[in-house]
Number of protein chains: 2
Amino acid sequence: MRRISMYLCTMNSIHLAIIEDDKIVRDSLLAYFILKEDIASVTTFHSMEAFTEDMKEHIAHKPHIILLDIQLPGMTGIDGIPIIKNILPDSEIIMLTTFEDSDKIFSALCAGACSYLSKQSSLSLIYECVITVKNGGSYMSPSIARKITRFFSKENSVSSPLTKRQTDIVHGLVDGLSYKMVAARLDISIDTVRTHIMQIYRTLNINCKGELIRWAIENRV
Amino acid sequence: MRRISMYLCTMNSIHLAIIEDDKIVRDSLLAYFILKEDIASVTTFHSMEAFTEDMKEHIAHKPHIILLDIQLPGMTGIDGIPIIKNILPDSEIIMLTTFEDSDKIFSALCAGACSYLSKQSSLSLIYECVITVKNGGSYMSPSIARKITRFFSKENSVSSPLTKRQTDIVHGLVDGLSYKMVAARLDISIDTVRTHIMQIYRTLNINCKGELIRWAIENRV
DNA sequence: TTTTAACTCACATCAAAATGTGATTGCGGT
DNA sequence: ACCGCAATCACATTTTGATGTGAGTTAAAA
């Protein structure tokens, strides 16, 4: 662990922590950030373990923002997020990593990271991101942001294999209705509802209402 | 509708469309973008209707990127997204609006917008966004991006009101198991499963398995 | 120590869902 | 004209789910 502080804390002084195993990257980030006026201190760690140990000792010294790598010796950065959030609930976590798999991105965001930067990013862009986060915002590298918007987009959701009427019935079930209520809503016989549902089960290869509701929600039908 | 073209198309020449009802904003965007070298043409519209009408006539002239306002006379920008995507499946849509409600953001992204900019953004930032999108990326204003990451974060999901065992049972049901199968998985009596489920229903104020599964999925329990 | 909450199990009853078999109607395409 | 598919309805059976009532155990909290 290495801590360098500029003791001329201004209004917006930021205490920064960097958890990164690559010494070259770590040192270049340190050298860059320590010269910035609104960065009050920079503390670097080579692993999650080193970070948590230091936090136990110097709990008073709370970083505002943490730059976190994913690939680390020992615990991964993603597994480290809940631990950081636990000991520092008010700190913001910026992922800084070479990984751009959707899996890792969503895992990190779900765990509580607020930004996700490619390691390709320039130092000045990383700095911009830190400032953005300090101001309550969030920044994603363009390619990362694209994966996130694609997640929301319906384009990647395959077209439903169900017919119009089958979809009507599924909507009823998702709304918590019984067969009888679905029949009433669609103004058809309960036996018709049964027939449709049997056909739906065959089409989707499932065998109970629960799985159907799950399928419908997860596929946004 | 007003179309201005620079007929010195370079490799990365971008055809831009702007759908924006405020004439001042529209014209300032037009004036700004038309001077940019890599913007081959800029076409402006005051409404979705004007846009679709023009597309019917000049279907050959396909914009690559569309800057889209939400508040428009007639059809809203959000309702317009699927229409644009329908006639121009390969165009990218950048929302440019004053609205920062989570609802509108997620509606737009779900409908297929790839970026979402605050109207507060500077012209140069909007330009940066256009270039980013042209390069296959995506950009969000910091405050927008923050709302999106907050959506993923578990922090805003309230702590489960269910006990450990109740959660085990819910997981079983979400996995599509029957009471009997849940009992087998947890190695308890089916009557115990029943008792737990009744208690869960009381706690969550629901009254059937379907609603429980939906609750579990939507609350990521 | 008493009490509370979580977890466990049993018995009983009625409603709902799953599964099967069979049939009619109407529309769009060969 | 014929075929297939979507949609409709009926009847029957078995399994599963929903609801109630009652009660024992354990571990932690008051």
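- For the segment residues 203-213 of chain A, the set of residues with a heavy atom within less than 4.0 Å of an atom of DNA chain C comprises N207(A), C208(A), K209(A), in numerical order.
- Atom CD1 of I200(B) is separated from atom P of dG17(D) by 13 Å (rounded to the nearest Å).
- Not counting sequence neighbours, R26(B) has no partner by the side chain to side chain donor-acceptor pair (under 3.5 Å) test.
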Which atoms of nucleotides 27-30 of chain D (N or O only) lie under 3.5 Å from a protein N or O atom, and what are those distances?
none

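- The distance between atom CD1 of I197(B) and atom P of dA10(C), rounded to the nearest whole Å, is 16 Å.
- With sequence neighbours excluded, the residues forming a side chain to side chain donor-acceptor pair (under 3.5 Å) with K119(A) are E20(A), D69(A), listed by chain and number.
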Listing, residues 192-199 of chain B side-chain donor-acceptor contacts under 3.5 Å, not counting sequence neighbours, or none:
| unit_1 | atom_1 | unit_2 | atom_2 | d |
| --- | --- | --- | --- | --- |
| T195(B) | OG1 | D191(B) | O | 2.8 |

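- For K56(B), the side chain to side chain donor-acceptor pair (under 3.5 Å) criterion is met by no residue, not counting sequence neighbours.
- As a whole-Å value, the separation of Y201(A) OH from dT19(C) P is 7 Å.
- Residue pairs meeting the side chain to side chain donor-acceptor pair (under 3.5 Å) criterion with at least one partner in residues 98-108 of chain A, sequence neighbours excluded, are E100(A)-S118(A), E100(A)-S143(A).
- Whole-Å rounding puts the Q199(A) CD to dC9(D) P distance at 17 Å.
- When rounded to the nearest whole Å, the span between CG of L162(B) and C1' of dA5(C) equals 15 Å.
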Please table the atom pairs, donor to acceptor, closer than 3.5 Å between any side-chain atom in residues 205-216 of chain B and protein atoms at least two apart or in another chain.
| unit_1 | atom_1 | unit_2 | atom_2 | d |
| --- | --- | --- | --- | --- |
| R214(B) | NE | E218(B) | OE2 | 3.2 |
| R214(B) | NH1 | V174(A) | O | 2.8 |

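- Relative to the side chain of S178(A), the nucleotides dT16(D), dA17(C), dG20(C) differ in distance, and dA17(C) lies closest.
- By the side-chain contact (heavy atoms from CB on, under 4.5 Å) test, A108(A) pairs with I78(A), I81(A), M95(A), A113(A), Y116(A), sequence neighbours left out.
- Looking at residues two or more places apart in sequence or on another chain, you find a side-chain contact (heavy atoms from CB on, under 4.5 Å) between P82(A) and A111(A).
- A salt bridge is defined here as a Lys NZ or Arg NE, NH1 or NH2 lying under 4.0 Å from an Asp or Glu carboxylate O, and D175(A) with R185(A) meets this definition.
- Within residues 189-196 of chain A, the residues that have a heavy atom under 4.0 Å from DNA chain D are, in order of number, S189(A), D191(A), T192(A), T195(A), H196(A).
- As rounded to whole Å, 8 Å separates atom P of dC7(C) from atom NZ of K164(B).
- Put simply, CG on L173(B) and CG on D168(B) are 11.0 Å apart, with the number rounded to the nearest 0.5 Å.
- In this view, S178(A) satisfies the side chain to side chain donor-acceptor pair (under 3.5 Å) rule with no residue, not counting sequence neighbours.
- What separates CD1 of I188(B) from P of dA6(C) is a distance of 16 Å, to the nearest Å.
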